[in-house]
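Below is one structure, written out as structure tokens; the observations come after it.
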Protein chains: 2
Amino acid sequence: MTTTGLDEFALLDETWRSVTPDAARRMLIAAAHAFAGKGYHATTTRDIASLAGMSPAAVYIHYRSKEELLFNISLVGHETSLKLLSRIQGGDVVERLRNAVAAFAGWHAEFHTTARVVQYELGALSPEHHAQVAELRRQIDQQMRSYIADGVAEGVFDVPDLKGATLAVLSLCIDVARWYQPGGKRTPDEIGALYADLVLRMLRPAN
Amino acid sequence: MTTTGLDEFALLDETWRSVTPDAARRMLIAAAHAFAGKGYHATTTRDIASLAGMSPAAVYIHYRSKEELLFNISLVGHETSLKLLSRIQGGDVVERLRNAVAAFAGWHAEFHTTARVVQYELGALSPEHHAQVAELRRQIDQQMRSYIADGVAEGVFDVPDLKGATLAVLSLCIDVARWYQPGGKRTPDEIGALYADLVLRMLRPAN
DNA sequence: CTTAGCGCTAAGCAACCGCTTAGTATGGAG
DNA sequence: CTCCATACTAAGCGGTTGCTTAGCGCTAAG
């Protein structure tokens with residue numbers, strides 16, 4: 001019955017600004033935090049409602065089911081991270097990959113709450129919703145791969161296995177959402193910079 | 001009420017050979033597969049029992065609770081991967097890190113079922129059990145860090161941020177458990193070799 | 001003032017949860 | 001053959017689940 005901490009959530013996570021009405025947005029944010037903290041299956045609709053400061057039945061005014069809440073979070077999360085990755089441009093090939101890795105890894109730190117739901121609750125989506133999200137994941141892979149391939153074409157990266165390297169880079173960034181803690185020693189930006197540096201070291205040619 | 005696939009599980013996952021009696025081991029293996037597939041909270045004790053080909057009550061002959069099943073899986077999994085990482089020796093510093101990364105990443109692929117439970121269900125452990133497992137995780141970090149530090153001391157690795165690099169290497173290996181699929185194009189050994197190569201590239205000094 | 005509609009709640013439904021209890025089949029010791 | 005411990009099952013307990021229903025207070029058009 002308490003809304004403690006929810007305003008803080010809303011400030012931290014501007015991902016949901018476009019969601020209306022207000023109660024529906026608060027419900028989404030509450031669900032994202034509950035799913036990230038305890039997992040989708042361990043979260044009850046009563047948990048979500050009380051986090052949003054409303055009664056259990058209020059969930060069903062705005063969403064058809066608990067799964068639809070998850071789908072909304074997953075969809076917006078995937079779209080946001082894909083947009084972030086796709087809008088990198090300008091600079092040379094090295095700087096573009098540096099910015100791409102920094103942005104993608106940094107997002108998984110800063111929005112680790114959303115990112116955890118996005119990355120670890122895919123299996124709880126309905127088959128139809130899962131397919132929709134899988135297409136976005138394919139696009140994310142394609143985008144990161146093209147940044148690396150551009151550097152290979154120019155000869156500034158040495159990558160024997162393009163598919164394998166892309167997999168490793170994405171995997172490295174995604175796993176940030178698992179271990180990152182807000183109170184830790186590194187800020188999301190520092191993590192982005194560290195990871196971008198490590199990835200560029202990994203792909204640089206031998207001299 | 002079917003045991004289909006369980007013998008296959010047992011063959012694939014020799015991790016549990018030492019667990020007796022037979023029914024208790026089958027229960028653990030069934031639980032590991034159920035937890036990995038649907039998550040701890042989404043798995044019912046009835047799921048586990050029926051996967052093991054027994055009645056729901058049979059679980060409580062061998063284990064006090066569902067959580068105790070999880071703890072057993074988590075403990076043995078952590079001990080196994082730590083042992084695997086610690087027993088690397090011989091060769092020079094580079095070869096030792098190569099073997100360590102290959103072994104650790106390869107384990108997370110080959111035993112991805114166990115590894116998923118180990119890495120993603122920590123939060124479902126009781127506080128006491130969690131503390132016990134956290135100590136093992138500290139040792140894993142320490143072991144990997146010392147392999148890297150040895151190379152830095154000899155000047156064959158260039159690592160500006162030892163703690164950050166260790167984090168990234170472990171993170172990279174652990175995340176294999178998330179994306180690996182048995183039917184995929186790469187075998188666990190190939191993944192180990194790919195990742196060991198990528199890590200060594202990441203840590204090599206500039207020339 | 002009436003009335004329709006919206007956002008919300010109190011109460012509750014059937015189903016399912018982890019776990020317990022009472023009792024049965026089995027097999028080895030004396 | 002008797003006895004008893006062991007490994008298991010059938011049945012069921014109290015509590016919780018996702019979701020529904022009936023009805024509330026409020027706003028605003030006619």
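In this text the structure is predicted, and so the values were computed from the model without any measurement. Labels below follow one simple rule: chain letters A, B, ... track the order of the sequence lines, proteins then strands, and each chain is numbered from 1.
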Walk me through it: do A/H41 and B/Y40 pass the test side-chain contact (heavy atoms from CB on, under 4.5 Å)? CA-CA 9 Å; A/H41 291 291; B/Y40 174 80; over 6 Å; no

Tell me the ring-ring contact (aromatic ring centres under 6.0 Å, His included) pairs involving residues 114-153 of chain A, sequence neighbours left out? A/F71-A/H129, A/Y120-B/Y120

Can you tell me which residue among B/R145, B/R137, B/Q143 is in a side-chain hydrogen bond (donor to acceptor under 3.5 Å, both in side chains) with B/D141? B/R145

Applying salt bridge (Lys or Arg N to Asp or Glu O under 4.0 Å), can you list everything that pairs with B/D161, at least two apart in sequence or on another chain? A/R186

Might you list the N or O atoms of the protein lying below 3.5 Å from N or O atoms in nucleotides 20-25 of chain D, with each pair's distance?
none

Carboxylate-amine/guanidinium contact B/R201 B/D197, below 4.0 Å: yes

Just by distance, with hydrogens left out, do A/Q139 and A/E135 show a side-chain donor and acceptor under 3.5 Å apart? yes

Using nucleotides 6-8 of chain D, report all nitrogen or oxygen pairs with the protein that are shorter than 3.5 Å.
| unit_1 | atom_1 | unit_2 | atom_2 | d |
| --- | --- | --- | --- | --- |
| D/dC8 | OP2 | B/H62 | NE2 | 2.7 |

Distances under 3.5 Å between nitrogen or oxygen atoms of protein and nucleotides 25-28 of chain C:
none

Under a 3.5 Å distance rule, please check whether A/E67 uses its side chain to pair with a backbone N or O of A/L125 as donor and acceptor. no

Flag, side chain of B/T43 to backbone of B/A34, donor-acceptor distance under 3.5 Å: yes

Atom-to-atom span, CZ of A/F35 to C1' of D/dG18 - whole angstrom: 12 Å

Of A/H78, A/R178, A/H108, the residue whose pairing with A/Q119 passes side-chain hydrogen bond (donor to acceptor under 3.5 Å, both in side chains): A/H108

Taken to the nearest whole Å, CG/B/L69 to P/C/dC17 is 16 Å

Rounded to whole Å, how long is the line connecting atom CD of B/E67 with atom C1' of C/dC19? 15 Å

Expected output: side-chain A/T80 to main-chain A/V76 donor-acceptor under 3.5 Å: yes

Sidechain-backbone polar pair: A/R204 side chain, A/V199 backbone, donor-acceptor under 3.5 Å: no

Once you round to the nearest 0.5 Å, how far does OG1 of B/T45 lie from OH of B/Y63? 14.5 Å

Those residues of residues 40-49 of chain A lying under 4.0 Å from DNA chain D by at least one heavy atom: A/T43, A/T44, A/T45, A/R46

Check whether any side-chain heavy atom of A/F35 sits under 4.5 Å from a side-chain heavy atom of A/S74, and report yes or no. no

